[in-house]
Amino acid sequence: MLDPQLLRNNPEEVKTAMQRHGADLDLEIFNALETQRKDIQVKTQNLQNERNKRSKSIGMAKAKGEDIQPLLDSVSQLGDELKAAETELQGIQSKLQAIQLSLPNILADDVPLGKDEENNVELRKWGAIPQYDFDVKDHVDLGQSLAGIDFEAGAKIAGSRFVTLSGPLARLQRALTQFMLDMHVDQHGYRETYVPYLVNKDSLLGTGQLPKFEEDLFKISDDSPYYLIPTAEVPVTNLVRDEIIAVGDMPLKFVAHTPCFRSEAGAYGRDVRGMIRQHQFEKVELVQVVKASDSEQAHEQLTQHAESILQALNLPYRLMLLCSGDTGFSATKTYDLEVWLPGQEAYREISSCSNFNDFQARRLKARWRNPETGKPELVHTINGSGLAVGRTLIAVMENYQQADGSIKVPDALQPYMGKITSITL
RNA sequence: GGAGAGAUGUCAGAGUGGCCGAAUGAGCACGCUUGGAAAGCGUGUGUACCGCAAGGUACCGAGGGUUCGAAUCCCUCUCUCUCCA
């Protein structure tokens with residue numbers, strides 16, 4: 001949510017910023033509602049004041065044993081008027097709120113203008129793209145020949161875009177998860193966190209998935225208020241909802257491993273082959289809650305934490321700065337890490353690291369107390385995948401494949417793999 | 001599944017229709033006191049919105065209702081605790 005002050009005081013500026021982020025603000029409607037709101041709010045508060053004063057005088061008169069009937073008569077009409085004003089105010093406020101909830105975050109100045117991922121800007125590349133003297137397979141072929149990935153089983157048990165893993169490949173996924181968690185906890189100072197995989201509506205409103213993106217989510221049922229989490233960002237960031245954080249506890253750094261569930265509505269033909277785009281996948285998520293003055297630096301730092309996993313696994317990748325059209329609704333700026341997949345001969349997203357500034361914090365009412373002013377201030381939230389485990393599994397398989405179809409276990413993962421050095425049939 | 005109790009400010013905890021944004025205590029901050037500390041004393045200490053300000057409005061788990069007036073009464077929901085199955 002944007003700062004309502006900004007919206008009221010500089011609506012033109014906000015409108016321009018919204019257009020940059022692919023949204024529109026109808027100033028005519030907004031200004032009209034704002035004017036009405038002001039009038040009716042003042043009117044309502046005056047009526048409330050009047051009622052409070054008279055009610056108080058009735059109380060005092062009664063205490064003195066005076067006749068209160070004339071006073072009662074004089075307020076009889078006030079109640080109806082007040083109720084009407086309150087109802088009207090409520091209506092306007094919910095309309096204004098709907099507008100506010102539908103507006104995306106204002107993009108950072110250095111976000112390049114662009115329509116879609118074609119316009120993202122490559123900031124740096126890491127690692128050499130491996131050369132092979134044999135025919136490279138993708139993870140689907142590798143997984144099938146190693147009898148470790150079974151799409152038919154996933155489809156039978158659940159449906160399309162589900163998969164089963166078994167044997168050493170299932171273990172490899174677990175190894176990756178453990179490795180990532182350990183690295184973020186031991187070397188990067190994150191606090192390991194276990195959270196619910198089902199969340200309520202308030203949490204999704206807080207991080208910005210609702211009200212606009214309900215179709216991307218799995219809802220448990222119509223009578224149950226729960227949704228499956230699309231990312232650990234939702235439960236973890238909501239830890240600070242309605243909280244005022246002590247200055248000594250800042251910054252908060254959480255890491256959580258969870259499954260993620262996405263309906264992938266609108267991705268019909270895309271990535272139908274393989275494990276790239278699944279309804280269910282594992283992810284290790286990094287979340288930081290910081291002071292406003294620290295958020296840019298924290299965003300860079302968190303991105304580097306995600307990068308360090310790729311580096312430790314020796315997987316080539318590139319860092320992309322997302323353009324305006326590709327940056328998510330709640331983000332002010334997003335870096336994507338794209339890992340090299342030999343099977344596709346392409347870089348594919350494996351992590352998305354975003355700074356939300358105070359956009360989520362305002363919805364969440366997440367604040368910290370500034371000791372200099374003694375006042376609560378909104379925090380800034382930053383999160384990123386560190387990393388998407390399913391896609392990392394793919395990347396390891398494809399990058400570490402050998403001529404005989406086996407997969408070498410990266411050195412960093414060997415302690416987690418019972419010391420085996422290679423995955424073979 | 002059944003029966004009961006409860007949810008109040010940073011915390012503990014009073015308040016069962018009006019003078020309650022809310023006693024009291026603890027904590028915290030500042031000041032006094034002291035050689036220094038403890039104790040003691042004094043003052044202050046929620047959030048949001050409107051307003052230049054004075055001031056006003058809302059908020060006592062959430063949402064509705066009754067009433068001139070609700071933390072307090074009624075209804076629904078959520079959560080916590082105790083007991084029974």
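- When the C1' atom of B:U78 is taken as reference, atom CZ of A:Arg241 falls 13 Å away, rounded to whole Å.
- Nucleotide B:G36 is matched to nothing when pairs are restricted to Watson-Crick or G-U wobble geometry with both distances under 3.5 angstrom.
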Under a 4.0 Å heavy-atom criterion, the protein footprint on nucleotides 46-53 of chain B, written with B, S and -, is -SSSS---

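- For A:Asn49, no side-chain nitrogen or oxygen approaches OP1 or OP2 of B:G56 to under 4.0 Å.
- The side-chain hydrogen bond (donor to acceptor under 3.5 Å, both in side chains) analysis of residues 166-180 of chain A, with sequence neighbours excluded, yields no pairs.
- Across all strands shown, B:A29 forms a Watson-Crick or G-U wobble pair, both distances under 3.5 Å, with B:U43.
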Tell me which donor-acceptor pairs under 3.5 Å the side chains of residues 386-399 of chain A have, and how far apart each pair is, sequence neighbours excluded?
residue, atom, partner, partner atom, Å
A:Arg391, NE, A:Ile276, O, 3.0
A:Arg391, NH1, A:Glu349, O, 2.8
A:Arg391, NH2, A:Ile276, O, 3.0
A:Thr392, OG1, A:Ala388, O, 2.6
A:Glu398, OE1, A:Gly343, N, 2.8
A:Glu398, OE2, A:His139, N, 2.7
A:Glu398, OE2, A:His139, ND1, 3.0
A:Asn399, ND2, A:Trp340, O, 2.9
A:Asn399, ND2, A:Ala395, O, 2.8

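- Identified under the salt bridge (charged side-chain N to carboxylate O under 4.0 Å, His left out) test for residues 9-19 of chain A, with sequence neighbours left out: A:Lys15-A:Asp24.
- In a base pair of the Watson-Crick type (N1 to N3 plus N6-O4 or O6-N4) or a G-U wobble (N1-O2 and O6-N3), with each distance short of 3.5 Å, B:C73 is matched with B:G65.
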Dump the intermediate steps for ring-ring contact (aromatic ring centres under 6.0 Å, His included) on A:His305 and A:Tyr190, then the final yes or no. CA-CA 10 Å; A:His305 292 154; A:Tyr190 288 79; 5.3 Å; yes

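- Between the CD atom of A:Gln93 and the C1' atom of B:C59 there is a distance of 14 Å, given to the nearest Å.
- Applying the side-chain hydrogen bond (donor to acceptor under 3.5 Å, both in side chains) rule to pairs touching residues 87-113 of chain A yields A:Asp110-A:Lys333, sequence neighbours excluded.
- The CD atom of A:Glu86 sits 9 Å away from the P atom of B:C59 (whole-angstrom rounding).
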Give me, pair by pair, the N or O atoms of the protein and of nucleotides 13-16 of chain B that are less than 3.5 Å apart, along with how far apart they are.
none

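- B:G17 is unpaired under the Watson-Crick or G-U wobble criterion, no partner having all donor-acceptor distances under 3.5 Å.
- Nucleotide B:C59 holds its C1' atom 11 Å from the NZ atom of A:Lys365, rounded to whole Å.
- Remark: P of B:U66 and CG of A:Leu82 are 13 Å apart, rounded to the nearest angstrom.
- Both distances falling under 3.5 Å, in either a Watson-Crick or a G-U wobble arrangement, place B:U57 opposite B:A48.
- Here ring-ring contact (aromatic ring centres under 6.0 Å, His included) pairs that include residues 161-182 of chain A, with residues two or more places apart or in two chains, are A:Phe162-A:His279.
- Spacing between atom CG of A:Leu89 and atom P of B:G56 amounts to 20 Å, rounded to whole angstrom units.
- For the C1' atoms, the distance linking B:G21 with B:U8 amounts to 11 Å, nearest Å.
- Here the separation of B:U78 from B:A23, taken at their C1' atoms, is 30 Å to the nearest Å.
- B:A71 and B:A85: their C1' atoms are spaced 36 Å apart (whole Å).
- Using a 4.0 Å heavy-atom distance criterion, A:Lys83 is classed as a sugar-phosphate-only contact.
- Remark on RNA chain B: of its neighbouring residues A:Gln90 and A:Asn46, the 5'-side contact belongs to A:Asn46, judged by nearest-heavy-atom nucleotide.
- Across B:G6 and B:A14, the matching P atoms stand 11 Å from one another, rounded to whole Å.
- Once rounded to the nearest 0.5 Å, the distance linking SG of A:Cys260 with CG of A:Leu228 reads 10.5 Å.
- Between the CZ atom of A:Arg51 and the P atom of B:G18 there is a distance of 16 Å, given to the nearest Å.
- Annotation: B:A39 and B:C32 have their C1' atoms spaced 14 Å apart (nearest Å).
- Taking the P atoms as reference points, B:A26 lies 16 Å from B:G44, given to the whole Å.
- Among residues at least two apart or in separate chains, side-chain hydrogen bond (donor to acceptor under 3.5 Å, both in side chains) pairs with a member in residues 322-332 of chain A are A:Asn120-A:Asp326.
- To the nearest 0.5 Å, the span separating CD on A:Gln360 from CG on A:Asp358 amounts to 10.5 Å.
- Base pairing analysis places B:U82 opposite B:A3; the two distances defining the Watson-Crick or G-U wobble pair are each below 3.5 Å.
- The distance from atom NZ of A:Lys201 to atom C1' of B:A62 is 16 Å, rounded to the nearest whole Å.
- Within the structure, salt bridge (charged side-chain N to carboxylate O under 4.0 Å, His left out) pairs that include any residue of residues 272-290 of chain A comprise A:Asp138-A:Arg273, A:Asp141-A:Arg273, A:Glu264-A:Arg277, A:Asp271-A:Arg277, A:Lys283-A:Glu285 (at least two apart or interchain).
- Under the 6.0 Å cut-off for aromatic ring centres, A:Phe261 and A:Phe281 do not qualify, their centroids lying 6.0 Å or more apart.
- Across the P atoms, B:G13 and B:G51 are found 41 Å apart, a figure rounded to whole Å.
- Look at the P atom in both B:U10 and B:C84: the space between them is 37 Å, to the nearest Å.
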